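Worksheet: the structure to be examined is printed underneath.
For this chain, numbers begin at 1 and follow the sequence in order. All figures in this text were calculated on a predicted structure; none of them were measured in a lab.
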Amino acid sequence: MSIKYTSDHEWVDTTDGIATVGITVHAQDALGDVVFVDLPDVGKSFAAKEVAGVVESVKAAADVYAPVSGEIVEVNEALRDDPSLANTDPLKAGWFFKVKLSDPSELDSLMDTTAYDELVKNS
């Protein structure tokens, strides 16, 4: 598993041209208890950095961006039913959506774990 990160605190894990996307531990810590998620429709396409969903917590609402361009091929229905998964297991069961990559080279602009940890430390 080679997870990449965005400056908007999303993680991306890519396998066979499909990117699984979720929010980072840092993001869910900042948001607090997640109470609602608005997930994109399967079949909809997004450009990188386009708003693809919303996460709402007891503290705030935040946009969830598509970290890479492509078509939504799956959404996490379990997360829709139990938004707290974004808090309890943000890097596994709390994933948001899966995107079929239209431009795999966009992954090169995302941060590795070391760079993301630096960003969080300095924010």
Go through the steps to decide whether I72 and V99 satisfy the test side-chain contact (heavy atoms from CB on, under 4.5 Å), and finish with yes or no. CA-CA 5 Å; I72 304 296; V99 179; 3.8 Å; yes
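Judged by distance alone, with hydrogens and angles left aside, the side-chain atoms of D41 form no donor-acceptor pair with the main-chain N or O of K44 at under 3.5 Å. Using a distance-only test at 3.5 Å, with no hydrogens or angles considered, a donor-acceptor pair links the side chain of N87 to the main chain of V34. When atom types are taken as modelled, the side chain of E10 and the backbone of V64 share no donor-acceptor pair closer than 3.5 angstrom. A donor-acceptor contact shorter than 3.5 Å links the side chain of S102 to the backbone of S69.
Residues F96 and V55 meet the side-chain proximity criterion, which asks for heavy atoms closer than 4.5 Å. Considering only heavy atoms from C-beta on, D82 stays 4.5 Å or farther from T88 through its side chain.
The CG atom of L119 sits 12.5 Å away from atom OG1 of T114, with the distance rounded to the nearest 0.5 Å. In this structure, the separation between NZ on K92 and CG on L85 is 13.5 Å, given to the nearest 0.5 Å. From D89, atom CG reaches atom CD of Q28 across 10.0 Å, with rounding to the nearest 0.5 Å.
Contacts classified as salt bridge (charged side-chain N to carboxylate O under 4.0 Å, His left out) and involving residues 110-123 (residues at least two apart or in different chains) are given here: E118-K121.
Taking hydrophobic clusters as Ile, Leu, Val, Met, Phe, Trp and Tyr residues chained together by side-chain heavy-atom distances below 4.5 Å, L31 shares a cluster with V21. Linking Ile, Leu, Val, Met, Phe, Trp and Tyr residues whenever their side-chain heavy atoms come within less than 4.5 Å leaves V68 and M111 in two separate clusters. Hydrophobic clustering of Ile, Leu, Val, Met, Phe, Trp and Tyr side chains at less than 4.5 Å, counting indirect connections, keeps W11 apart from L39. Residues F46 and F97 fall within the same hydrophobic cluster, defined by Ile, Leu, Val, Met, Phe, Trp and Tyr side chains chained together at heavy-atom separations under 4.5 Å. A single hydrophobic cluster is seen to contain both L101 and V75, as judged by linkage of ILVMFWY side chains at heavy-atom distances under 4.5 Å, directly or through other members.
With sequence neighbours excluded, the residues forming a side chain to side chain contact (heavy atoms under 4.5 Å, CB included) with D29 are V25, listed by chain and number. Among residues two or more places apart in sequence or in another chain, the side chain to side chain donor-acceptor pair (under 3.5 Å) test is passed with D38 by none. Every side chain to side chain contact (heavy atoms under 4.5 Å, CB included) that E71 has, sequence neighbours left out, goes to S45. Under the rule for a side chain to side chain donor-acceptor pair (under 3.5 Å), D33 has no partner lying at least two apart in sequence or in another chain. Legend: residues meeting ring pair (Phe, Tyr, Trp, His ring centres under 6.0 Å) with Y116, ordered by chain and number and at least two apart, are Y5, H9.
Of all the heavy atoms in T20 and K98, the pair that sits closest is OG1-CE, 3.5 Å. Scanning all heavy atoms of the two residues, the minimum distance from L110 to P67 falls at CD2-O, 4.1 Å.
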